[in-house]
Amino acid sequence: MNPRWVLFFKLCGLAMVVIALILLFPPVLEFVEMGARELRYLWWLVLLLALAVWLIWGLGKKKE
């Protein structure tokens, strides 16, 4: 499969998961909003997002 299609499907999957979480768990939306407002106190939220991105794109790559 074309790498661009793989990237597209990963982004769509990530977007669907985020939308599902927001719709199913309104407290999650409130937590993310609070994290965005209080980012200097919840810096670990950024680290968790970075870890999620690394797991999605980093683990799928072949070893060279």
Side-chain angles (χ1 to χ4, degrees):
M1 189 182 299
N2 190 344
R4 288 185 180 181
W5 281 107
V6 172
L7 176 64
F8 174 74
F9 288 131
K10 284 182 181 181
L11 288 174
C12 287
L14 182 63
M16 289 185 341
V17 167
V18 168
I19 290 170
L21 284 175
I22 289 172
L23 292 176
L24 293 175
F25 303 106
V28 172
L29 177 61
E30 292 174 15
F31 177 76
V32 171
E33 288 176 352
M34 181 188 63
R37 284 192 303 263
E38 303 293 333
L39 193 57
R40 60 184 168 172
Y41 300 113
L42 297 176
W43 55 268
W44 53 269
L45 182 63
V46 174
L47 293 177
L48 287 175
L49 289 173
L51 177 63
V53 168
W54 177 76
L55 287 174
I56 290 171
W57 281 282
L59 290 181
K61 293 188 178 185
K62 296 179 183 177
K63 302 274 185 193
E64 291 185 20

- [ ] Mind checking side-chain contact (heavy atoms from CB on, under 4.5 Å) for E30 and listing every partner two or more places apart, or none if nothing turns up?
- [x] none
Open item on the list: Using the rule that Ile, Leu, Val, Met, Phe, Trp and Tyr join whenever any side-chain heavy atoms are under 4.5 Å apart, tell me whether L49 and V53 fall into a single cluster.
Closed with: no
Open item on the list: Can you list everything that forms a ring pair (Phe, Tyr, Trp, His ring centres under 6.0 Å) with F9? Sequence neighbours excluded, please.
Closed with: W5
TODO: Tell me, please, which residues at least two apart from L7 pass side-chain contact (heavy atoms from CB on, under 4.5 Å).
DONE: L11, W57
- [ ] Return the set of residues passing side-chain contact (heavy atoms from CB on, under 4.5 Å) with R4 (not counting sequence neighbours), or none when no residue passes.
- [x] N2
Task: Apart from I19 itself, residues in the same hydrophobic cluster as defined by side-chain heavy atoms under 4.5 Å - done: L23
